Amino acid sequence: MEGFWYTEAEGGRRFLVKIAPGESLRRRLADWAGAAGVKRAVLVSAVGSLRDLEFRGIKTGAKLPLTPARLQVHKVEGPLELLALSGNVMPGAEGAPDCHLHVMASRASGEVVGGHLFDGTVFANCEIVLTEIVAEGVSRHTSATGGVETMFIPDRQP
């Protein structure tokens, strides 16, 4: 089927991860995955609070491939309430764990911000539930079409 790729994955171990105040959310998660031997995982849930949040959105009217000129980077000092964190962990181009994360967080006013997470610093706490995925060969590569890092499924994609 053109334009659609898949592979069957099996569930692996399940983890509860807590990240302390002052730590980089993305870096700590990637470091933990490497230390725990987790090559692929999906985030099930996350709660907590963040500060110094940096994320991106896609500008209205953007075309593919995505380039820096077609993206809007946002930096929010916070603190912010972490409402949602979704994403996955896959081996990157060099084989190390790479976290592709999207975030939703709220300001004290109740305004919600979010997008593709570059990084954020844990404010009071961050509690994450992950499930390991067993799917050999699946990794992250830069997509020529999209212009961004994306999941690559071997033997199923051109």
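None of the values given here were measured: they were computed from a predicted structure.
His116 and Phe118 have perpendicular rings, their planes meeting at more than 60° on a 0 to 90° scale where under 30° would count as parallel.
Applying the 4.5 Å side-chain rule to ILVMFWY residues, one finds Met104, Val112 in the same cluster as Leu83.
Put simply, the residue from Leu29, Leu16, Val42 that forms a side chain to side chain contact (heavy atoms under 4.5 Å, CB included) with Leu130 is Leu29. Checked options Leu25, Leu85, Val89; the residue passing with Cys99 is Val89 (criterion: side chain to side chain contact (heavy atoms under 4.5 Å, CB included)).
Residues meeting the side chain to side chain contact (heavy atoms under 4.5 Å, CB included) test with Arg28, sequence neighbours left out: Ile19, Glu23. Take Ala36 and apply the side chain to side chain contact (heavy atoms under 4.5 Å, CB included) test, not counting sequence neighbours, and it matches Trp32, Val38.
Screening residues 127-138 for salt bridge (charged side-chain N to carboxylate O under 4.0 Å, His left out) gives Arg13-Glu132 as the qualifying pairs, with residues at least two apart or on separate chains. The side chain to side chain donor-acceptor pair (under 3.5 Å) pairs that include a residue from residues 62-90 are Asn88-Arg140, where partners are two or more places apart or lie in different chains.
Between Arg14 and Thr131, some side-chain heavy-atom pair lies under the 4.5 Å cut-off.
Here the closest non-hydrogen pair linking Gly34 and Pro97 is N-CG, 3.6 Å. Contact detail for Ser24 and Asp119: the closest heavy-atom pair is OG-OD2, 2.6 Å.
The hydrophobic cluster containing Val113 also contains Val122, counting ILVMFWY residues as joined when their side-chain heavy atoms lie under 4.5 angstrom apart, directly or transitively. The cluster map of Ile, Leu, Val, Met, Phe, Trp and Tyr, joined by side-chain heavy atoms under 4.5 Å apart, puts Met90 and Phe15 in different clusters. When hydrophobic clusters are built by joining Ile, Leu, Val, Met, Phe, Trp and Tyr residues whose side-chain heavy atoms come closer than 4.5 Å, directly or via intermediates, Leu101 is grouped together with Val76.
Here NZ of Lys18 is found 12.0 Å from CD1 of Ile128. Values are rounded to the nearest 0.5 Å. Rounded to the nearest 0.5 angstrom, Glu111 CD and Leu80 CG are separated by 9.5 Å.
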Do any side-chain atoms of residues 44-60 form donor-acceptor pairs under 3.5 angstrom with protein atoms, and if so which ones, sequence neighbours left out?
from	atom 1	to	atom 2	distance (Å)
Ser49	OG	Ala124	N	2.9
Lys59	NZ	Ala69	O	3.2

